[in-house]
Number of protein chains: 2
Amino acid sequence: MPRDSRMSRMLHVLIHMDRHVKRATSEEIARMLDTNPVVVRRMMAGLRDRGFVTSEKGHGGGWELSRGLDAITLLDVYRAIGEPALFSIGPHADHPECLVEQAVDARMAQTLAEAEALLMARFETITVADLADDFERRFAAHRVRNGPGGRCASGTA
Amino acid sequence: MPRDSRMSRMLHVLIHMDRHVKRATSEEIARMLDTNPVVVRRMMAGLRDRGFVTSEKGHGGGWELSRGLDAITLLDVYRAIGEPALFSIGPHADHPECLVEQAVDARMAQTLAEAEALLMARFETITVADLADDFERRFAAHRVRNGPGGRCASGTA
DNA sequence: AATAACGTAACTCGTATAGTTACGAAAGGA
DNA sequence: TCCTTTCGTAACTATACGAGTTACGTTATT
């Protein structure tokens with residue numbers, strides 16, 4: 001399993017906030033993600049700084065969406081969590097002056113950059129609302145199979 | 001710097017073996033990569049198992065290319081080192097039954113798979129000989145700037 | 001005031017590559 | 001035969017970074 005799951009987890013949270021909980025504390029979100037409130041605050045700080053969610057302290061506080069899911073792209077979320085490294089493979093400058101190493105690493109960098117550009121282009125096109133629609137389709141199919149039930153098959157949020 | 005540099009390093013070694021050293025011990029290769037002979041043997045074991053290089057024990061032993069660089073693609077090398085994980089981002093199954101999580105992770109997986117397919121297609125197209133040609137062009141330009149000199153600007157191999 | 005919540009620093013944990021040590025096996029030379 | 005060179009490999013340590021945890025401060029509501 002890849003080491004960095006922040007993007008996936010933040011998307012998960014945003015959809016739950018839109019569909020199910022409206023305002024949620026870090027504690028509640030932590031239960032959705034099966035983790036700790038501190039991890040949640042850390043991951044969501046960037047989303048707050050960029051205006052996708054707001055946080056309120058004190059009684060009745062918590063997190064709230066500050067715009068519609070159709071106004072948040074996957075690229076927005078990727079940037080909000082700090083644009084973490086995409087690839088786990090890459091160069092390692094053993095002898096930076098070696099022209100062989102330079103040639104190899106330049107091609108590797110260029111090739112990875114193409115893949116990165118593709119990913120960024122996709123991320124820019126897909127909104128969180130698109131993912132929420134995917135969820136609705138799965139949910140409809142789920143109701144056909146299992147009959148009417150809770151809003152989330154997991155019962156956790 | 002990405003954590004896994006095996007592919008880049010193996011490409012570097014293959015080109016040096018073709019152009020400069022023909023037969024090299026793990027010790028010599030370790031110096032090219034500024035590392036340890038054991039690390040070299042570990043990384044090259046897969047290349048040997050797939051027939052791209054041979055290893056000989058004892059006096060006068062070492063590593064040797066067993067085919068031309070134009071018969072080795074980047075995909076061959078990627079596979080030979082064990083097809084390591086490409087991406088450092090991805091899902092994290094917190095609540096596998098949650099339909100929201102499923103929807104998010106399915107899209108993420110699909111998008112990453114597209115980028116992976118692009119990379120694999122590129123890797124399949126590019127041969128190590130292409131990288132060696134890149135090196136030759138850099139070397140020619142280097143000689144124009146600095147006059148005739150050693151075969152490798154680093155002097156390390 | 002007391003309580004509920006976020007904000008954040010600082011530390012530990014998990015995991016995978018990289019690096020190191022140690023030792024065995026094989027090949028060739030003296 | 002014995003010694004040296006070299007690969008093969010297990011096992012351990014070092015490093016890096018996201019994730020998880022603890023602790024404590026701040027703010028807002030009751």
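Please read all numbers here as calculations on a predicted model, not as lab measurements. Below, all heavy atoms of this structure are taken into account, side chains as well, without hydrogens, waters or symmetry copies. Residue numbers start from 1 in every chain, and the chains themselves are labelled A, B, ... in the order their sequence lines are given, proteins ahead of strands.
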| note | Correct closest heavy-atom pair for A:Leu74 and A:Met7 would be O-CE, 3.4 Å
| task | Verify the contact: side-chain N or O of B:Ser55 to OP1 or OP2 of D:dG8, cut-off strictly under 4.0 Å; return yes or no. | result | yes
| task | Over 60° means perpendicular and under 30° means parallel, so classify the ring planes of B:Phe139 and B:Phe135, tilted if in between. | result | parallel
| field | Rounded interatomic separation in angstrom, taking CE from A:Met7 and C1' from D:dC17 | value | 19 Å
| query | OP1 or OP2 of C:dA4 sitting under 4.0 Å from any side-chain N/O of A:Thr25? | reply | no
| message | Just the rounded figure in Å: distance from P of C:dA5 to CD1 of A:Ile29. | response | 12 Å
| query | What is the distance from CD of A:Glu28 to P of C:dA4, rounded to the nearest Å? | reply | 13 Å
| request: Decide yes or no on side chain to side chain contact (heavy atoms under 4.5 Å, CB included) for B:His12 and A:Asp105, but give the supporting numbers first. | output: CA-CA 9 Å; B:His12 183 176; A:Asp105 288 352; over 6 Å; no
| query | Of all heavy-atom pairs between A:Asp134 and B:Ala103, which one has the smallest distance, and what is that distance? | reply | CB-CB, 3.9 Å
| message | Measuring from the side chain of A:Arg42 (C-beta onward, heavy atoms only), which nucleotide among D:dT5, D:dT21, C:dG19 has the closest atom? | response | D:dT21
| message | Using the rule given for side chain to side chain contact (heavy atoms under 4.5 Å, CB included), can you reason through A:Asp94 versus B:Met32, listing the C-alpha separation, both sets of side-chain angles and the distance that settles it, and then say yes or no? | response | CA-CA 8 Å; A:Asp94 301 308; B:Met32 289 181 206; over 6 Å; no
| query | Within less than 4.0 Å of OP1 or OP2 of C:dA5, is there a side-chain N or O belonging to A:Ser26? | reply | no
| query | Looking at D:dG18, D:dT22, C:dA18, which one has an atom nearest to any side-chain atom of A:Arg6? | reply | D:dG18
| note | Rounded to whole Å, the CE-C1' distance (A:Met43 to C:dT8) equals 16 Å
| said: Can you give me the closest heavy-atom contact between A:Ser5 and B:His92, atom names plus distance? | reply: CB-CB, 3.1 Å
| field | A:Glu27 CD - D:dG20 C1' separation (whole Å) | value | 14 Å
| field | B:Glu64 CD to D:dC7 P, straight-line distance once rounded to whole Å | value | 12 Å
| task | Heavy atoms only: give me the nearest A:Gly90-A:Leu112 pair and the separation to one decimal. | result | CA-CD1, 4.3 Å
| request: Measure the angle between the two terminal helix axes of the helix from C:dA1-D:dT30 to C:dA30-D:dT1, five base pairs each, and quote it to 10°. | output: 20°
| said: From the set D:dA23, D:dG20, D:dT9, return the single nucleotide nearest to any side-chain atom of A:Val38. | reply: D:dA23
| query | With respect to the side chain of A:Thr35, which nucleotide from C:dC6, D:dG8, D:dG20 is positioned closest? | reply | D:dG20
| Given D:dG20, C:dA16, C:dT17, the nucleotide with the shortest approach to the side chain of A:Arg3 | C:dA16
| request: Return the nearest nucleotide to the side chain of A:Arg41; candidates are D:dG20, C:dT8, D:dC7. | output: C:dT8
| task | Tell me what B:Ser88 touches on the nucleic acid: a base, only sugar-phosphate, or nothing, going by heavy atoms under 4.0 Å. | result | nothing
| task | Provide, to the nearest angstrom, the distance between the NE2 atom belonging to B:His92 and the C1' atom belonging to D:dC17. | result | 15 Å
| message | Rounded to whole Å, please give me the gap between CH2 in B:Trp63 and P in D:dT6. | response | 14 Å
| remark: When B:Ala24 and A:Asp4 are each assigned the nearest nucleotide of DNA chain D, the 5'-most assignment goes to B:Ala24
| task | With heavy atoms under 4.0 Å as the rule, sort A:Arg23 into base, sugar-phosphate or nothing. | result | nothing
| task | Can you figure out which of D:dG8, C:dG29, D:dT29 approaches the side chain of B:His59 most closely? | result | C:dG29
| hbond_proxy A:Arg9 side chain to D:dG18 base (donor-acceptor, 3.5 Å cutoff) | no
Just distance, no hydrogens or angles: give the donor-acceptor pairs under 3.5 Å from side chains in residues 51-72 of chain B, sequence neighbours left out.
| residue | atom | partner | partner atom | Å |
| --- | --- | --- | --- | --- |
| B:Trp63 | NE1 | B:Ser26 | OG | 2.9 |
| B:Glu64 | OE1 | B:Arg23 | NE | 3.3 |
| B:Glu64 | OE1 | B:Arg23 | NH2 | 2.6 |
| B:Ser66 | OG | B:Gly51 | O | 2.7 |
| B:Ser66 | OG | B:Phe52 | O | 3.0 |
| B:Ser66 | OG | B:Val53 | N | 3.3 |

| query | Under 4.0 angstrom, heavy atoms only, what part of the nucleic acid is B:Asn36 near: base, sugar-phosphate, or nothing? | reply | base
